[in-house]
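Below is one structure, written out as structure tokens, with a few remarks after it.
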2 protein chains.
Amino acid sequence: MRSEDIAKLAGVSRSTVSRVINNYPNVPEETRIKVLKVIEQHQYEPNSFARALAGKKTDTIGLFAISMNEKENATRIYQNSYFAPFIDAVVDISNSRGCYVLIHTVYAPGDFLKVKQAFLQKRIDGGIIVGTQKDIDIVKEMVSLEAPLVLIDYDISEIMAEHLDKNHLAIVNSKDYEGTTEAIEYLIALGHRDIGIIQGSMSTYSGRERFAAYSDTLGRHGLAVNERFILPGEFLKERAYAEVVKLLDSGEPLPTAIFSSNDDMAISAIEALAERGISVPEQMSVIGFDDVQLAARIHPKLTSVRLPIFEMSKAAVDKVMELCDSRQPTFSTFSFPARLIERDSCARPFVDRTQDDELA
Amino acid sequence: MRSEDIAKLAGVSRSTVSRVINNYPNVPEETRIKVLKVIEQHQYEPNSFARALAGKKTDTIGLFAISMNEKENATRIYQNSYFAPFIDAVVDISNSRGCYVLIHTVYAPGDFLKVKQAFLQKRIDGGIIVGTQKDIDIVKEMVSLEAPLVLIDYDISEIMAEHLDKNHLAIVNSKDYEGTTEAIEYLIALGHRDIGIIQGSMSTYSGRERFAAYSDTLGRHGLAVNERFILPGEFLKERAYAEVVKLLDSGEPLPTAIFSSNDDMAISAIEALAERGISVPEQMSVIGFDDVQLAARIHPKLTSVRLPIFEMSKAAVDKVMELCDSRQPTFSTFSFPARLIERDSCARPFVDRTQDDELA
DNA sequence: CTGAAAGCGCTTACAG
DNA sequence: CTGAAAGCGCTTACAG
């Protein structure tokens, strides 16, 4: 069934059918009703490709999740608790705005080709990229496509430094620095002085921000950053687990608290601690980041920094749609607050009885 | 940049450019290289809509997650641990086959319109529907579209009863009945006689199968099904939690083991039990279903029935692509085994000391 | 208010 | 082996 068929049945021209479909004002109510009835009767739906080819929007946005450092261990994207809620929210919000979502995941640099193609082949009106690695060249390439694009979690200064047309671009971030600062100060207020960190991937904006806040906050409070307490976790639980085990088995003095750059790694840390009979929070405090679903359901319930993922996703979808519609788009950035959710994985520092006795 | 531009630059016609792009044999190596070079130089990508309009495939499959009973409590789809891994796997597998995935979620009957449109507007080559509710009418409507379609988790007999052309259809199920049977027999072997169940949504195939296996297995072992021990959970954790609390607070004798129709609900049950000081597995055994990620990370680690989600997703993607390609498609069904993963949430039944004393 | 016609950017018989 | 032309199903000036 094509518009031509509808036209014939309704006794009008294709032009008029098109006008009705696109809700143009210049068609009398009577004609409109007549055409609409035929359309209804035959469950007619205009071919989306023909429409797009003739200049209409595709009503589809692309959602690309970049998870490159996961490649090696064959972890799948939604297994990484960080992406799932973003994807969830973006799909949901887009759908509620009448927009389809085209999803593609990027595990390796080569997969970026498909992302570019989605734009170049005009499959989508615009796109959202979440989890971008630091590789400015790839981002530059995407931006130079000059299609509506929203980057979630990207270093604004890095983009600003580039000489590119950014008017079709928007960046949505969370205040990871402030959230981390709140977490570290919470530990300090609890009395901790030896605070370790499990780093995220330093090739991501989030990873760098969280680490910077950790070390700045310690510094501001006159606390030394102990190199031994900096564990490279790469946001990966296996990696974090191994690093924590290494630290615990080192025989050297331990920190009394650990800030983990994400929950996945924090949970691994708690597992490693449990296996070695070190109880959380009594003997070691642990704070995570992201506040994934799991956080509230493990034992002890994990204190974590919550990201306003839904709000961020909403901003991303709204912005990309606005960029698609606007005739005069303009570069913009958003930064949403993150906040500490206190649960049961932190306490005042453990006081070693043996030492007490010695001191006494 | 259009194929015409490439043609001019390469000194050939659009036809030849098209032949190169589509890898047709009837073009000399020399010409092919010449054209390819120009294409490369200009990062040319053929407009996907024009191609689709001219009869090519869209290289996009639709993935529709139906989660209608979740509407009321505004739960989002990926929050339901059941869908996430399917979506994950389908996206991953499709992407690795060079296919994009168009996602749309269905929370209310009205959302089905968008699913239908995706087919009618020819946005996709074929589709996969996961989590279908029992409503045969909706399924009938989808099937009658005569587009390549794979249903995950659907009652085959219900479809067979309908007089429809099913040659473009495939159904991918898991052996929930057998998996549940294994779980219940495991509990019986442990010595349990009073076994309760938290039901899933009886409007889903899985929900019905799991319940049927539960009651059949008890019957086969000469055990009575106690109506009080049948808790309607609808696959929703809040619902399950409330039902378990109601049972625990009833003052009546309790079962010694509970089989939950999914893990989400099993975990809620464990939470409810913990809050009332009933320890798992010592005083109550609990088995879940689905083996979601959380299962192995809560305390106690949850014994559960694992679904081969990756294999199911793979079958679904492969089948839908095959249906898209085949000139003579034919109806097929798949049924993948589910198996019990023993962990720490089950034990021999709790023996009440008081009663022992009385007996002694 | 409305139809005929051109155009969107491809692919594919068809003819040579 | 290769080009001219028709066609895919829409939308949109344009003319009336």
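Below, all heavy atoms of this structure are taken into account, side chains as well, without hydrogens, waters or symmetry copies. We name chains A, B, ... by the order of the sequence lines, and we start the count at 1 in each one.
- Stem analysis of DNA chain C (at least three stacked-register Watson-Crick or G-U pairs, each with both distances under 3.5 Å) gives C:1-3 with D:14-16, C:5-12 with D:5-12, C:14-16 with D:1-3.
- Taking a 4.0 Å limit (strictly below) on heavy-atom distances, residues 16-32 of chain B reaches DNA chain C at B:Ser18, B:Arg19, B:Asn22, B:Tyr24.
- An OP1 or OP2 oxygen of D:dT2 is reached within less than 4.0 angstrom by no side-chain nitrogen or oxygen of B:Ser15.
- Look at CG on B:Leu120: it is 11 Å from P on D:dC10, rounded to the nearest Å.
- Put simply, CD on A:Glu45 is 10 Å from P on D:dC10, counting in whole angstrom units.
- At a cut-off of 3.5 Å, with distance as the only test, a side-chain donor of B:Arg123 or A:Thr60 sits close to an acceptor on the other residue.
- Taking all atoms of both residues into account, the shortest heavy-atom contact from A:Phe119 to A:Pro148 is CE2-O, 3.8 Å.
- Distance B:Arg51 CZ to D:dG9 P: 18 Å, rounded to the nearest Å.
- Between B:Tyr44 and C:dG9 there is no side-chain polar atom (N or O) within less than 4.0 angstrom of OP1 or OP2.
- As a whole-Å value, the separation of B:Phe49 CZ from C:dC10 C1' is 13 Å.
- Using a cutoff of 4.0 Å between basic side-chain nitrogens and carboxylate oxygens, B:Lys319 and B:Glu322 are scored as salt-bridged.
- Side-chain contact between B:Phe64 and B:Ile124: present, with at least one pair of heavy atoms (C-beta onward) separated by less than 4.5 Å.
- Between A:Lys122 atom NZ and C:dC10 atom C1' there is a gap of 13 Å when expressed in whole angstrom units.
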Verdict with reasoning, A:Asp111 to A:Lys114, per salt bridge (Lys or Arg N to Asp or Glu O under 4.0 Å) | CA-CA 6 Å; A:Asp111 294 344; A:Lys114 292 303 258 181; over 6 Å; no

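- Taking CD1 of A:Ile21 as the reference point, atom OH of A:Tyr44 lies at 4.0 Å (rounded to 0.5 Å).
- With contacts defined as side-chain heavy-atom distances shorter than 4.5 Å, the pair B:Ile103/B:Val90 does not qualify.
- Atoms CE (A:Met1) and P (D:dC10) sit 10 Å apart, rounded to a whole Å.
- The base of D:dA4 does not come close enough to the side chain of B:Ser13 for any donor and acceptor atom to sit less than 3.5 Å apart.
- The side chain of A:Leu53 approaches C:dG9 more closely than any other nucleotide in the set C:dC10, C:dG9, D:dG3.
- Of all nucleotides listed (C:dG3, D:dC10, C:dT12), C:dT12 comes nearest to the side chain of B:Lys56.
- Summarising the geometry, the separation between CG on A:Asn47 and P on D:dT11 is reported as 10 Å, rounded to the nearest angstrom.
- Between A:Glu4 and B:Arg14, the one whose closest nucleotide on DNA chain D sits nearer the 5' end is B:Arg14.
- Counting heavy atoms from C-beta on, the side chains of A:Phe49 and B:Thr58 come closer than 4.5 Å.
- Scanning all heavy atoms of the two residues, the minimum distance from B:Ser144 to B:Leu164 falls at CB-CD2, 4.5 Å.
- Rounded to an integer number of Å, the gap from B:Lys57 NZ to C:dC10 C1' is 17 Å.
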